[in-house]
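Report on the following structure.
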Amino acid sequence: MEEAPERYERGGRELADALRELRVRSGLTGMQVAERTGTSQPRISRFETGATVPPAEMVETLCLIYSAPPERTTELVELATSLHRRVESRKVLMRGGAWTRQQQIARAQGEARRLRVYQPVMVTGLLRSPDYARQIYGLSLEGEALERSLRALHERQKSVLSRRQLSITVVLSEAALRWRVADEAVMLGQLEHLRTLIGRRRLRIGIVPFSARVSEVPLHGFEIYDERLVTVGTETQVLTLTGPDVEHYEGLFAAMEQAADFADADTIITSIAAEFTG
């Protein structure tokens with residue numbers, strides 16, 4: 001089964017190649033196209049390299065400028081629309097193998113230079129201890145499927161956290177650290193694991209305490225890859241979003257980042273751990 005991130009990448013390349021081919025056939029330069037569309041030449045170049053997926057409206061405008069056949073215009077506009085909203089059922093993802101999902105996430109994170117993560121109810125996968133991860137995956141997996149998923153997660157953690165070119169900011173709500181998804185020993189192990197990660201280069205961990213005043217209330221977790229892609233996990237679906245949706249989630253993350261305590265994250269974690277032991 002081909003997962004959402006892979007289909008996104010394949011579709012993005014297909015759209016980029018088609019737009020570049022249409023422009024070359026029209027005889028127009030990137031600068032001329034930029035002038036006619038009221039945008040910049042670098043942006044047109046990003047459309048043609050696949051670095052940015054253009055909005056459906058822009059694709060329609062470009063096809064008009066390139067005198068593309070109506071049926072080709074319709075095809076490319078529909079492709080752009082589908083790329084900007086991709087939805088996958090969690091059941092389908094699990095059926096295809098949670099370990100493959102880990103490998104795909106690792107590839108996406110491996111290509112990014114900046115990763116921003118927000119999680120309101122549990123510790124994000126990148127920062128999970130082995131026992132905590134086993135508890136989470138064990139809710140829906142067992143046997144070899146569980147073991148393969150845990151191994152894939154471990155490999156992703158090692159690969160991503162060691163990347164020198166990647167800047168990572170993780171914001172967790174205080175509830176994510178208190179939600180008792182496992183027994184006391186596992187929860188304490190997870191809290192101690194977070195403490196060992198605080199202070200690592202290129203990794204910032206912030207916690208939104210219950211006492212913080214927030215300007216936004218995101219109801220689900222999400223990850224932002226650079227400024228080009230957002231993955232959103234709901235109870236039943238995983239969404240891959242681009243275009244204007246990215247800007248919306250950037251705003252949400254900025255609000256959570258502002259409310260988060262980065263300087264005293266260690267103190268907050270230690271305090272919560274003391275309550276578990278008490």
Side-chain angles (χ1 to χ4, degrees), residues 90 105 109 112 114-140 153 156-157 160-161 167-200 202-225 229-239 241 245-278:
R90 281 193 181 274
I105 294 173
Q109 291 175 342
R114 183 185 184 195
L115 175 64
R116 287 166 286 176
V117 181
Y118 168 72
Q119 275 294 343
V121 296
M122 68 177 67
V123 177
T124 187
L126 199 59
L127 307 184
R128 288 175 186 168
S129 68
D131 289 339
Y132 184 93
R134 178 175 294 276
Q135 179 67 29
I136 297 298
Y137 281 110
L139 296 174
S140 54
L153 173 62
R156 175 165 72 92
Q157 290 173 333
V160 174
L161 291 176
S167 171
I168 307 171
T169 302
V170 177
V171 174
L172 304 171
S173 72
E174 184 174 337
L177 306 184
R178 292 183 176 276
W179 197 267
R180 293 175 183 255
V181 297
D183 61 31
E184 180 180 285
V186 173
M187 294 302 297
L188 286 171
Q190 175 61 66
L191 293 173
E192 180 59 29
H193 182 65
L194 281 176
R195 293 186 67 240
T196 66
L197 294 174
I198 291 176
R200 289 189 60 157
R202 299 175 297 280
L203 172 63
R204 299 172 64 234
I205 300 175
I207 300 170
V208 181
F210 287 147
S211 59
R213 180 68 181 271
V214 295
S215 58
E216 297 282 357
V217 186
L219 301 179
H220 46 248
F222 56 88
E223 299 185 356
I224 307 175
Y225 299 81
L229 177 67
V230 178
T231 59
V232 181
T234 70
E235 183 66 23
T236 59
Q237 296 175 330
V238 176
L239 297 84
L241 308 174
D245 289 308
V246 176
E247 185 175 348
H248 172 76
Y249 279 95
E250 285 185 314
L252 287 179
F253 187 85
M256 293 299 98
E257 186 177 23
Q258 184 176 10
D261 192 330
F262 289 86
D264 292 326
D266 186 273
T267 301
I268 295 173
I269 293 172
T270 302
S271 175
I272 295 173
E275 293 183 27
F276 275 115
T277 56

Between Met256 and Pro218, is any pair of side-chain heavy atoms under 4.5 Å apart? yes
Quick check: do Ile269 and Ile272 have side-chain heavy atoms less than 4.5 Å from each other? no
What do you reckon, is CD of Gln135 surrounded by more than 12 foreign heavy atoms closer than 6.0 Å? yes
In this structure, CG of Leu197 is separated from CD of Gln157 (nearest 0.5 Å) by 8.5 Å
Given side chains that start at C-beta, do those of Val117 and Phe253 come closer than 4.5 Å, heavy atoms only? no
Please round to the nearest 0.5 Å and tell me the distance separating atom CG of Leu126 and atom CG of Leu153. 8.0 Å
Quick check: does any side chain N or O of Ser271 sit under 3.5 Å from a backbone N or O of Thr267, one acting as donor and the other as acceptor? no
Run Ile168 and Leu161 through side-chain contact (heavy atoms from CB on, under 4.5 Å) and show every step you take. CA-CA 8 Å; Ile168 307 171; Leu161 291 176; 4.0 Å; yes
Ile136 and Met122, any side-chain heavy atoms less than 4.5 Å apart: yes
Student check: side-chain heavy atoms of Ile205 and Phe262 closer than 4.5 Å: no
What's the spacing between Tyr132 OH and Leu188 CG if we round to 0.5 Å? 13.0 Å
Is it the case that over 12 heavy atoms from other parts of the model lie below 6.0 angstrom from the CD atom of Glu247? no
Would you say Leu191 and Arg195 make side-chain contact, with heavy atoms under 4.5 Å? no
Kindly give the heavy-atom pair with the smallest separation between Leu177 and Met187, and that separation in Å. O-CE, 3.5 Å
Please give me the minimum heavy-atom distance between Pro209 and Ala259, naming the atom from each residue. CD-O, 3.9 Å
Find out whether Ile268 and Asp261 are in side-chain contact, i.e. whether some heavy atom of one side chain is under 4.5 Å from a heavy atom of the other. yes
Ring centres of Phe222 and Tyr249 under 6.0 Å apart? yes
Output, in order, the C-alpha distance, side-chain angles, deciding distance and verdict of side-chain contact (heavy atoms from CB on, under 4.5 Å) for Tyr118 and Leu252. CA-CA 9 Å; Tyr118 168 72; Leu252 287 179; over 6 Å; no
What I want to find out is whether Arg204 reaches Glu257 closely enough, with some N-O distance under 4.0 Å, to be called a salt bridge. yes
Quick one: closest heavy-atom pair of Ala255 and Ser215, and the distance? CB-OG, 3.5 Å
Shortest non-hydrogen contact between Leu241 and Val232, atoms and distance: CD1-CG2, 4.0 Å
Counting distance only, does the side-chain N/O of Glu192 pair as donor-acceptor with the main-chain N or O of Ala273 below 3.5 Å? no
In short, Leu127 meets Gln190 closest at the heavy-atom pair O-NE2, 3.0 Å
As an exercise, state the distance from CZ of Arg178 to CZ of Phe276, rounded to the nearest 0.5 Å. 7.5 Å
Rounded to the nearest 0.5 angstrom, the OG1-CD distance for Thr231 and Glu223 is 4.5 Å
dist His248:NE2 -> Glu250:CD (nearest 0.5 Å) comes out at 11.5 Å
State, to 0.1 Å, how close Trp179 and Val121 come at their nearest heavy-atom pair, and which atoms those are. CB-O, 3.6 Å
Hey, are the side chains of Asp266 and Ile198 touching, using non-hydrogen atoms and a 4.5 Å cut-off? yes
Within the distance-only criterion (no hydrogens, no angle test), does the side chain of Glu174 pair as donor or acceptor with the backbone N or O of Val208 below 3.5 angstrom? no
